[in-house]
Amino acid sequence: MVVDELADETVDRLFHALADATRRDILRRCVRGELSVSRLAEAYPMSFAAVQKHVAVLERAGLVTKQRRGREQLVRTDPEAVGRARQALDELETSWRGRVDRMSRLLEEDVDSAAGPAVNNPTEGLDG
């Protein structure tokens with residue numbers, strides 16, 4: 001199956017969102033089930049507004065979705081979010097492995113060409 005490469009902007013948002021420990025923790029908590037933003041805020045030594053901002057970053061990256069239910073905003077992790085992050089990492093790995101393989105081949109060619117053809121010593125094997 002061929003998967004389209006993720007756009008740079010999408011990857012930037014994903015990794016920006018995942019770069020913060022609080023946001024990663026919010027994701028872990030929401031994987032277990034949807035939680036309200038106010039419930040999430042209880043778990044952190046920061047203001048409600050700060051937690052809302054973290055959730056907004058996760059939402060822009062497509063890692064969570066919010067749904068209003070009455071007065072609460074419920075946050076849930078997008079089940080395909082981890083797949084997108086994994087896809088981005090797989091694409092990076094494939095690119096770097098290709099570069100490393102090309103460099104290895106170039107280095108091998110360079111060593112082979114520096115050694116040159118084998119030259120026989122005309123005095124080798126002569127007695128005396």
Side-chain angles (χ1 to χ4, degrees):
M1 176 172 93
V2 176
V3 180
D4 292 334
E5 284 189 16
L6 294 170
D8 285 342
E9 186 176 312
T10 301
V11 174
D12 290 347
R13 281 194 305 263
L14 271 172
F15 287 115
H16 170 73
L18 294 171
D20 183 84
T22 299
R23 290 192 287 267
R24 290 190 306 272
D25 190 62
I26 290 170
L27 277 176
R28 280 190 289 271
R29 290 173 187 269
C30 293
V31 162
R32 296 184 207 127
E34 63 186 17
L35 293 170
S36 68
V37 176
S38 57
R39 185 66 175 264
L40 284 168
E42 293 171 2
Y44 303 103
M46 63 183 73
S47 69
F48 177 81
V51 173
Q52 278 185 311
K53 287 180 183 179
H54 281 298
V55 170
V57 170
L58 291 167
E59 189 176 27
R60 279 193 301 274
L63 293 165
V64 300
T65 58
K66 279 192 314 192
Q67 179 183 13
R68 184 165 286 286
R69 192 172 301 153
R71 290 180 27 171
E72 293 184 318
Q73 290 186 18
L74 299 176
V75 180
R76 89 172 53 156
T77 299
D78 181 345
E80 296 178 11
V82 174
R84 286 191 301 276
R86 184 181 316 269
Q87 177 186 349
L89 288 172
D90 288 346
E91 289 170 4
L92 285 172
E93 179 184 14
T94 299
S95 174
W96 278 103
R97 284 187 186 273
R99 290 178 183 179
V100 168
D101 290 345
R102 284 191 300 278
M103 284 190 291
S104 294
R105 284 193 303 274
L106 288 171
L107 289 172
E108 286 173 13
E109 290 171 9
D110 192 43
V111 168
D112 291 344
S113 66
V119 177
N120 289 334
N121 184 347
T123 60
E124 190 175 281
L126 295 176
D127 289 327

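Being a predicted model, the structure only gives us computed values, none of them experimental. All values below were derived from every heavy atom in this structure, side-chain atoms included, with hydrogens, water molecules and symmetry-related copies excluded.
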Which atom pair, heavy atoms only, marks the closest approach of Val51 to Ala41?
CG2-CA, 3.7 Å

Distance from Arg29 atom CZ to Asp25 atom CG, nearest 0.5 Å?
4.5 Å

Rounded to the nearest 0.5 angstrom, the CG-NE2 distance for Asp20 and His54 is 5.0 Å

Out of Arg23, Gln73, Lys66, which one pairs with Val55 under the side-chain contact (heavy atoms from CB on, under 4.5 Å) rule?
Lys66

Could you go through Val31 and Arg28, starting from their C-alpha distance and side-chain angles, then the distance that decides it, and tell me whether this counts as side chain to side chain contact (heavy atoms under 4.5 Å, CB included)?
CA-CA 5 Å; Val31 162; Arg28 280 190 289 271; 5.8 Å; no

Considering only heavy atoms from C-beta outward, does the side chain of Leu27 approach that of Leu18 to under 4.5 Å?
yes

Output the distance between atom CG (Leu89) and atom OG1 (Thr94), rounded to the nearest 0.5 Å.
10.5 Å

Are Leu40 and Cys30 side-chain neighbours, meaning at least one heavy-atom pair lies under 4.5 Å?
yes

Spacing of Leu74 atom CG and Arg39 atom CZ [to the nearest 0.5 Å]
11.5 Å

Side-chain heavy atoms nearer than 4.5 Å, only ILVMFWY residues, links allowed to pass through others: does that put Val57 and Val11 together?
no

Verify, without hydrogens or angle tests, whether Arg69 (side chain) and Ser36 (backbone) share a donor-acceptor contact under 3.5 angstrom.
no

Can you tell me if Ser95 uses its side chain to pair, donor with acceptor, with the backbone of Glu91 under 3.5 Å?
no

Nearest 0.5 angstrom please: Leu14 CG to Arg86 CZ, how far?
13.0 Å

Heavy-atom count around Arg71 CZ within 6.0 Å, excluding the residue itself: above 12?
no

Tell me if a side-chain donor or acceptor on Arg24 pairs with a main-chain N or O of Ala19 at a distance below 3.5 Å.
yes

Determine whether a donor-acceptor pair (N or O, by modelled atom type, separation under 3.5 Å) exists between the side chain of Arg84 and the backbone of Thr10.
no

Got a second to check how far His16's NE2 is from Leu58's CG, nearest 0.5 Å?
9.5 Å

Work out which heavy atom in Ala85 is nearest to a heavy atom in Phe15; give both atom names and the distance.
O-CZ, 4.4 Å

Any carboxylate oxygen within less than 4.0 angstrom of a Lys/Arg side-chain nitrogen, looking at Arg13 and Glu9?
yes

